Amino acid sequence: LQPLSDVHFNADYGGAIQKSLLLTLMIIGILILIIASFNYINISIAQQSKRLAEIGTRKVLGGTTWQLFIQFMIETFIMVSIAIIIAVALLALILPAANQFLFSQDPLHLITYKGIIIFISILLFSLLFLSGFYPSFVLSRINVFKAFKNESGTWKAGKMRKALVIVQNAVAYMLIICALIMVLQVRFLKNTDIGFNRDAVVLIPLPDSSQSKKDLMKEQLGKMPQVASFTFCLRAPSAENNFGGSVKFDNRPDWESWPAGSPIGDTSYVKSFGLQIIAGRNIRESKASPEYLVNETMIHKLGLKNPEEAVGKSLIAGQFNDQKGTIVGAVKDFNSKSLEVPIEPLLIASIPEKYSTIGIKLSGRDLQSAIQKIRKDWEEAYPKEVFEYQFLDDQIARLYQKEDLQQKIIWLSALVAIIISCLGLLGLVSLITLQRTKEIGIRKVVGASVSNITGMLSKDFIKLVALAIIIASPIAWYAMNKWLEDFAYRINISWWMFAVAGFMVIIIALLTVGFQAIKAAMANPVESLRTE
């Protein structure tokens with residue numbers, strides 16, 4: 001029994017998407033909106049030095065703090081509205097490409113216009129509050145005398161703006177760490193040894209399992225030099241779900257408390273998929289008494305010390321109508337599902353009426369010509385059916401489709417976060433440079449070099465970025481450690497991953513800050529000191 005509310009989200013039973021993926025998307029979106037809002041706050045306050053005379057004049061002419069606050073909020077409202085209009089237009093342009101790059105299997109579709117309007121309205125007022133309230137409050141309360149004196153130095157980058165820079169860079173750093181670990185984990189999942197041969201194996205669905213047509217396909221495939229081996233089976237050893245049920249071993253009175261999965265294939269199943277027999281022999285087709293191969297995990301679950309103890313013992317499989325069979329051999333463990341879950345007990349049986357797939361192991365390099373020849377033979381056996389095929393590698397890759405999607409989204413999000421953080425740093429360094437223009441001029445006059453001044457302006461920002469890395473590292477470690485707990489097979493989080501991400505963030509910050517710092521250091525000191 002499955003709750004109706006779970007049908008859409010439960011991928012184990014054909015659900016469209018997992019809740020964890022939606023939660024990841026939502027958290028990333030919120031983080032990017034927050035750092036963008038923080039960035040706007042920084043730049044808004046940084047620009048106040050250019051508006052001090054305007055603010056002072058408005059106050060002298062009778063403008064109240066409330067009126068100035070409303071004015072700045074309206075300005076923010078207009079800017080956020082324009083940004084949302086541009087974003088919606090970009091969404092319409094980018095969505096087809098995004099569907100192809102990220103959601104090729106299940107493309108995104110816009111929800112109802114009513115839902116979009118409600119969402120955009122909520123987004124607009126949320127951004128207005130996040131981005132507009134604090135800078136509007138600060139700017140509207142500037143002292144009129146200081147405004148006319150143009151005392152922008154009074155508004156140096158205080159604790160609030162430094163905190164915003166730290167938060168921005170911490171978010172960017174965490175996203176880089178997450179993306180790096182996800183890429184390494186997905187690569188590990190796709191390339192680790194799963195216990196059977198998956199290279200150059202083609203899977204072709206059977207329209208029906210009539211013996212005459214299977215015999216025709218056997219004859220044709222047996223003549224092809226490009227076909228190393230082939231098998232009729234239910235599905236490949238590794239699939240999204242498997243046939244299975246309860247088992248009763250030997251003379252034990254009770255059924256086992258755990259279920260066993262049941263890959264089903266003919267006598268060539270082991271050879272075609274490269275499974276390793278470690279005890280006994282391969283199965284033979286027998287209607288009178290079924291023969292079974294069991295894996296190492298099942299042997300351990302049965303409480304046996306070695307595979308040889310299982311060979312020759314009887315086994316009743318509930319999934320095969322409680323028919324009593326014999327265990328004739330044991331195979332080395334292989335992963336029948338995604339590496340997110342541990343290896344389960346398995347028994348391999350030959351049940352011809354359940355065959356629904358042909359697995360073909362190809363040899364040689366020209367695989368496409370081999371497939372074309374198989375297509376011709378297949379269409380001869382099934383003239384009214386459409387020929388379809390897939391490589392086993394592709395089927396296994398689909399098991400990690402969610403992880404693939406997550407890493408792509410995280411990389412894109414990290415890129416956006418880095419760009420926004422760079423803009424925030426650029427805005428803040430511009431403000432600091434403006435406030436210290438005369439100091440820079442005096443230092444140059446008394447002999448300071450460009451490198452001295454650049455280092456002086458850069459070191460404070462690098463300290464903030466380093467602090468962001470220190471704060472974000474344990475958070476990123478905890479988040480990715482929790483994510484990796486969902487996998488039975490996983491990579492280990494190492495110190496060098498944090499070092500690489502930290503190096504990237506510091507280099508990006510140095511390039512951003514250094515550009516503006518060098519520009520200020522190379523300015524003519526006469527220009528900055530001529531008013532004194």
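Because the structure is a prediction, the values reported are computed rather than measured. All residue numbers in this chain count up from 1 along the given sequence. Computation of the quantities below employed the complete heavy-atom set of this structure, encompassing side-chain atoms and omitting hydrogens, waters and symmetry-equivalent molecules.
- The shortest non-hydrogen separation linking Gly222 to Phe230 is N-CE2, 4.0 Å.
- At least one side-chain heavy atom of Arg490 sits less than 4.5 Å from a side-chain heavy atom of Gln185.
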Item to complete: Determine, stepwise, if the pair Ser262 / Tyr292 fulfils side-chain hydrogen bond (donor to acceptor under 3.5 Å, both in side chains).
Response: CA-CA 10 Å; Ser262 296; Tyr292 302 129; over 6 Å; no
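- In this structure, CH2 on Trp255 lies 4.0 Å from CG on Asp322, to the nearest 0.5 angstrom.
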Item to complete: Applying side-chain contact (heavy atoms from CB on, under 4.5 Å), run through Lys248 and Glu256 and close with a yes or a no.
Response: CA-CA 6 Å; Lys248 190 175 182 182; Glu256 302 299 327; over 6 Å; no
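- Within the 4.5 Å cutoff, no side-chain heavy atoms of Pro259 are placed close to those of Glu344.
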Item to complete: Evaluate side-chain contact (heavy atoms from CB on, under 4.5 Å) for Leu315 paired with Asp250, printing each intermediate quantity in order.
Response: CA-CA 6 Å; Leu315 185 76; Asp250 200 22; over 6 Å; no
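- For the residue pair Thr231 and Asp266, a side-chain donor N or O sits within less than 3.5 Å of a side-chain acceptor on the partner.
- Using a 4.5 Å heavy-atom threshold, the side chains of Met497 and Leu184 count as touching.
- For the pair Gln319 (side chain) and Ala260 (backbone), a donor-acceptor distance under 3.5 Å is present.
- Taking the side chain as every heavy atom from C-beta outward, Phe232 and Lys218 approach each other to under 4.5 Å.
- A 6.0 Å sphere centred on NZ of Lys271 holds no more than 12 heavy atoms belonging to other residues, nucleotides or ligands.
- Separating the CG atom in Asp377 from the CZ atom in Phe387 is a distance of 9.5 Å, to the nearest 0.5 Å.
- Residue pairs that meet the salt bridge (Lys or Arg N to Asp or Glu O under 4.0 Å) test with at least one member in residues 289-316, sequence neighbours left out, are Arg281-Glu291.
- Without hydrogens or angle criteria, Ser356 side chain to Leu234 main chain gives a donor-acceptor distance under 3.5 Å.
- Take Ile277 and apply the side chain to side chain contact (heavy atoms under 4.5 Å, CB included) test, not counting sequence neighbours, and it matches Val270, Asn282, Val331.
- A distance of 11.5 Å separates CD of Gln168 from CD1 of Ile34, quoted to the nearest 0.5 Å.
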Worksheet item: Please walk me through it: do Ile166 and Ile471 pass side-chain contact (heavy atoms from CB on, under 4.5 Å)?
Response: CA-CA 9 Å; Ile166 291 171; Ile471 293 171; 4.0 Å; yes
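- Environment of CZ in Phe129: sparse, with no more than 12 heavy atoms of neighbouring residues, nucleotides or ligands closer than 6.0 Å.
- Contact of the Ile493 side chain with the Ile181 side chain is registered, since non-hydrogen atoms from C-beta on lie closer than 4.5 Å.
- Closest approach of Ala472 to Tyr173, counting heavy atoms only: CB-CD2, 3.5 Å.
- Residues Thr326 and Ser314 bring no donor and acceptor atom of their side chains to less than 3.5 Å of each other.
- A pairwise comparison of heavy atoms in Ala236 and Tyr269 identifies C-OH, 3.5 Å as the closest pair.
- Using a 4.0 Å cut-off between a side-chain N of Lys or Arg and a carboxylate O of Asp or Glu, Lys223 and Glu219 qualify as a salt bridge.
- The two residues Met217 and Ala381 have their closest heavy-atom pair at SD-CB, 3.9 Å.
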Item to complete: Applying side-chain contact (heavy atoms from CB on, under 4.5 Å), run through Met174 and Ile475 and close with a yes or a no.
Response: CA-CA 8 Å; Met174 284 192 291; Ile475 300 173; 3.5 Å; yes
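- By the 4.5 Å heavy-atom criterion applied to side chains, Leu124 and Val80 are counted as neighbours.
- Remark: Tyr382 OH to Ile204 CD1 distance equals 10.0 Å, nearest 0.5 Å.
- Remark: Leu304 CG to Met298 CE distance equals 9.5 Å, nearest 0.5 Å.
- Put simply, the side chain of Leu33 reaches to within 4.5 Å of the side chain of Leu123, judged on heavy atoms.
- In this structure, the side chain of Asn295 engages the main chain of Leu346 through a donor-acceptor pair within 3.5 Å.
- Minimum heavy-atom separation, Thr267 to Arg284: CG2-CA, 3.8 Å.
- Expressed to the nearest 0.5 Å, how far CE of Met224 lies from NZ of Lys376 amounts to 11.0 Å.
- The two residues Ile176 and Ala501 make their nearest non-hydrogen contact at CG2-CB, 3.6 Å.
- Residues Leu221 and Ile358 have side chains in contact (heavy-atom distance under 4.5 Å, counting atoms from C-beta outward).
- Judged by distance alone, the side chain of Asn169 and the main-chain N or O of Ala468 form no donor-acceptor pair under 3.5 Å.
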Discussion item. Test side-chain hydrogen bond (donor to acceptor under 3.5 Å, both in side chains) on Ser229 and Ser268; report intermediate values, then the result.
Written reply: CA-CA 7 Å; Ser229 63; Ser268 298; over 6 Å; no
